Amino acid sequence: MPQVGRTIPRVEARAKVTGRAEYVHHLRVPGMLHGKVFRSTVAHGRIKSIDTRAAAALDGVYRVITGDDIAKLIPNPYYGPAFHDQPILALEKVRHVGEAVAVVLAEDVHVAEHAVQMIAAEYEELPAVFDEVEAKTSDAIVHEVLKPAGTFADLKHLAGRRDTNVALDYQLRRGDADKALAEADRVFEHTFRSQQALHLPFEPFVSVAEPGEGAITIHTSNQTPSFVRMEIARLLGWPENKVRVKVPLLGGGFGAKVYVKLEALVAALALIVRRPVKIALTMEEQFYMITKHPATFRIKSGVSRDGRITARECEVFWNGGAYADIGPRVCQKSGFTAPGPYEIDNVKIDSYELYTNRTPAGALRGFGIPQLVWAYECHTDVIARALGLDPIEFRRRNVLREGRPQATGTAMHDAAIGEVLDTIATEMNWSAPFDRGEGVKRRGRGVAIGFKASISPTTSVAIINISADGSVTLYINTTDMGQGSDTTMAQIAAETLDIEAERVKVVHPDTDVTPYDMGTLGSRSTFHVGHAVKLAAQDAIAKLQALATEAGLPPGTNYPPDEIFVKRYGMRAGNVIGTGTYIPTYQSPDKKTGLSENVTPFWMVGGAGVEVEVDTETGHVRITRLVNVADCGTPINPKIAATQLSGAAIMALGFTLFENMEMDGGQVTNASLADYKIPGVHDIPPMENRLVAARQESGPYGAKGLGESGTFGVSPAVANAIDDAVGVRLTDLPLTPEKVLRALRGKENRPLAEA
Ligand code: MCN
């Protein structure tokens with residue numbers, strides 16, 4: 001029976017609903033100390049003094065640790081995937097409000113919490129910069145020297161620089177955008193902004209470190225166990241096999257829990273005090289860890305009278321906050337998709353990753369793509385309206401078709417952009433008459449489509465063990481954070497082995513046992529790890545066949561594995577281990593032109609159609625219908641795939657309508673779930689989720705990534721629908737009732753007070 005394309009319940013479902021599922025938050029280790037973090041209250045400053053005496057004297061406090069204590073253990077205590085810029089605890093300087101400055105350790109977590117209040121730090125405040133556009137030319141320099149990490153092949157080109165906030169500037173030049181703009185029939189230019197927002201997994205960051213003899217075990221809620229092991233080993237100057245990283249299930253990750261977050265801190269603390277240490281953050285502390293990049297996007301297009309886009313100029317400023325994290329990759333990899341899924345001969349892209357004195361920004365479900373789609377799909381709609389063209393028709397005239405080159409020069413293959421657009425149109429009944437409402441309730445509709453490249457080059461390894469009874473165990477470093485990878489990886493293994501998926505056990509990441517994978521991020525696992533799993537299963541089959549031959553069984557016959565083992569070893573004994581390694585081909589973009597003929601192993605495509613009702617007296621926007629459409633090639637598990645699409649879209653609705661980290665002089669003023677609203681069940685509109693019939697020829701069983709595609713189109717589709725309803729164009733996210741009302745009043749020349 002086919003295992004791929006089969007909707008089976010999640011393999012961990014029973015454990016989750018019975019409360020038996022394993023999470024790091026549940027972990028208690030004998031002798032364990034709890035750490036609570038003392039955080040900076042200034043956005044940029046030199047540390048003059050940290051007074052820990054009162055805290056250390058409190059009954060029950062085991063020890064208070066500062067950056068200086070850590071530097072005694074690790075002389076160069078800076079980490080990061082792109083730059084080695086982030087100290088384990090602040091050293092000399094603080095660069096954002098909420099930065100970790102000291103840690104109190106106590107057996108009782110409440111004692112630690114209390115003692116943290118007794119620490120006092122003095123800072124010499126330095127000029128700070130918060131805005132991404134200002135950061136490019138500001139005299140307030142966040143890092144005096146930039147130190148590229150050189151860890152990942154695609155980020156090796158990051159040059160060490162001084163006295164600049166520009167961590168990376170990526171540029172792409174294709175054709176002659178200046179000339180084509182000068183010659184265009186019409187030119188349109190807009191600036192769009194998106195806000196700082198949060199991942200907010202319901203399981204906040206948590207890590208536990210257990211020191212051993214010249215070794216350490218880290219239990220952590222993390223999406224990249226292989227990287228954590230490598231980075232902790234590098235910091236300690238130890239071989240990787242002395243560092244063991246174990247990851248059970250995650251209560252959500254959404255890109256927050258990639259690379260090193262609390263792991264270096266708990267490891268250093270545990271080694272200093274020689275006791276296990278646990279740090280579990282509160283919901284509020286998540287506001288100081290990692291966020292979605294705020295971005296400013298200036299976009300300019302030249303268009304012909306018949307509705308062809310002839311040139312596009314994109315200038316994107318990414319607000320990376322105080323530490324680069326993976327921002328430079330967002331700036332580059334997402335940057336090259338800034339012109340949108342359209343065939344445009346003349347393109348100029350400048351994409352800048354900037355340091356500022358805000359909470360660092362990294363990858364958030366979409367890796368920068370939602371910020372870009374927000375801008376280019378609003379821009380696309382404005383152009384269509386100005387030309388008097390239907391927005392879907394205008395897109396149809398310009399979308400990239402099979403085999404055509406994307407801005408980088410990489411040919412588009414198996415990217416069902418046109419099909420996604422057509423499916424949205426059909427589902428929305430686009431050509432039928434539409435009820436536009438009346439009185440103060442006006443109705444409108446909008447669409448948007450986006451696309452994303454996958455991360456490349458990366459490595460994934462899988463191991464499959466067939467036991468003598470024929471049962472199968474799969475060892476992978478993919479983190480199941482809710483996306484369902486345990487289930488779908490079991491399905492891919494089972495499909496290849498021709499058994500039922502329910503017979504495959506998936507071992508959670510444990511770097512002593514499970515093999516290398518670059519990370520569960522960028523919707524790369526189904527494609528990359530899926531390939532490795534398939535290869536490992538094929539290898540296991542070949543080894544089983546060799547065993548059958550050794551056992552003297554006639555070739556070509558399909559013996560059940562348990563019979564082969566008994567025949568070969570005279571009893572139920574032995575096992576077969578298959579391994580698979582997958583690395584896609586890649587050509588890094590040319591440093592000057594940004595062009596590459598092979599920039600990604602596959603393209604993800606997603607889009608949305610929205611119907612809204614706008615109250616012209618209050619500015620309130622009600623979404624009356626949301627259609628999510630994506631191309632994921634073959635859905636491995638159709639039901640989970642559909643929930644990936646809807647989950648991503650609901651997350652995007654929060655960023656569209658209300659989520660916003662508010663700031664005052666570097667202080668986050670709404671750092672709690674009471675003040676920072678995320679979508680609740682009442683915010684979920686009537687929703688349909690559709691996957692277009694498609695196949696990724698280069699993917700395992702025709703599959704490719706999906707986890708982020710539902711985030712792409714939501715924000716611009718809503719803004720386009722608002723414009724359609726009431727004729728106002730909003731350019732800043734989130735689209736709050738206040739902004740809608742101000743725009744409406746501005747259009748009518750009616751002051752707000754009149755309302
Ligand atoms: N799937 C499928 N068929 C496909 C593709 C995907 O059935 N052709 C389903 C599978 O169940 C698979 C899931 O969709 O496990 C996501 O697959 P993929 O797109 O390959 O993404 P990853 O497994 O690499 O997961 C990461 C991705 C990202 S980058 C973020 S962010 C994200 C996401 O997935 N965070 C999530 N989905 C999430 N879902 C939950 N519940 N929680 C998160 O934190």
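Whatever order the structure lists ligands and atoms in, that order sets their numbers, starting from 1. Small disclaimer: the values here were computed from a predicted structure and weren't measured.
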Query raised in the report: Are any non-hydrogen side-chain atoms of L733 and R193 less than 4.5 angstrom apart?
Result: no

Need the list: ligand 1 N/O atoms against protein N/O atoms, distance under 3.5 Å, rounded to one decimal.
unit_1, atom_1, unit_2, atom_2, d
ligand 1, 3 (N), I636, N, 2.9
ligand 1, 7 (O), I636, N, 3.4
ligand 1, 7 (O), N637, N, 3.0
ligand 1, 8 (N), C632, O, 3.1
ligand 1, 8 (N), T634, O, 2.8
ligand 1, 8 (N), K704, O, 3.1
ligand 1, 11 (O), Q483, O, 3.0
ligand 1, 15 (O), Q483, O, 3.1
ligand 1, 15 (O), S485, N, 3.2
ligand 1, 15 (O), T488, OG1, 3.3
ligand 1, 17 (O), T526, OG1, 3.1
ligand 1, 19 (O), L706, N, 2.6
ligand 1, 19 (O), G707, N, 2.7
ligand 1, 20 (O), T526, N, 2.9
ligand 1, 20 (O), T526, OG1, 2.6
ligand 1, 23 (O), Q483, NE2, 3.1
ligand 1, 24 (O), R524, N, 3.4
ligand 1, 24 (O), S525, N, 3.0
ligand 1, 24 (O), S525, OG, 2.6
ligand 1, 25 (O), Q483, NE2, 3.4
ligand 1, 37 (N), R365, NH2, 3.2
ligand 1, 37 (N), Q644, OE1, 2.8
ligand 1, 39 (N), Q644, NE2, 3.2
ligand 1, 41 (N), G482, O, 3.2
ligand 1, 42 (N), M481, O, 3.3
ligand 1, 44 (O), G253, N, 2.7
ligand 1, 44 (O), F254, N, 2.8

Report summary line: side-chain contact (heavy atoms from CB on, under 4.5 Å) filter on P9, not counting sequence neighbours, yields none

Query - Under the ring-ring contact (aromatic ring centres under 6.0 Å, His included) test, residues paired with F297 that sit two or more places apart - result: none

Query raised in the report: What is the minimum heavy-atom distance between S194 and Q371, and which atoms define it?
Result: OG-CG, 3.3 Å

Requested in this report: Would you please classify the geometry between the Y582 ring and the H531 ring as parallel, tilted or perpendicular, with 30° and 60° separating the classes?
Outcome: parallel

Query - Any residue meeting ring-ring contact (aromatic ring centres under 6.0 Å, His included) with Y701, in chain and number order, not counting sequence neighbours - result: none

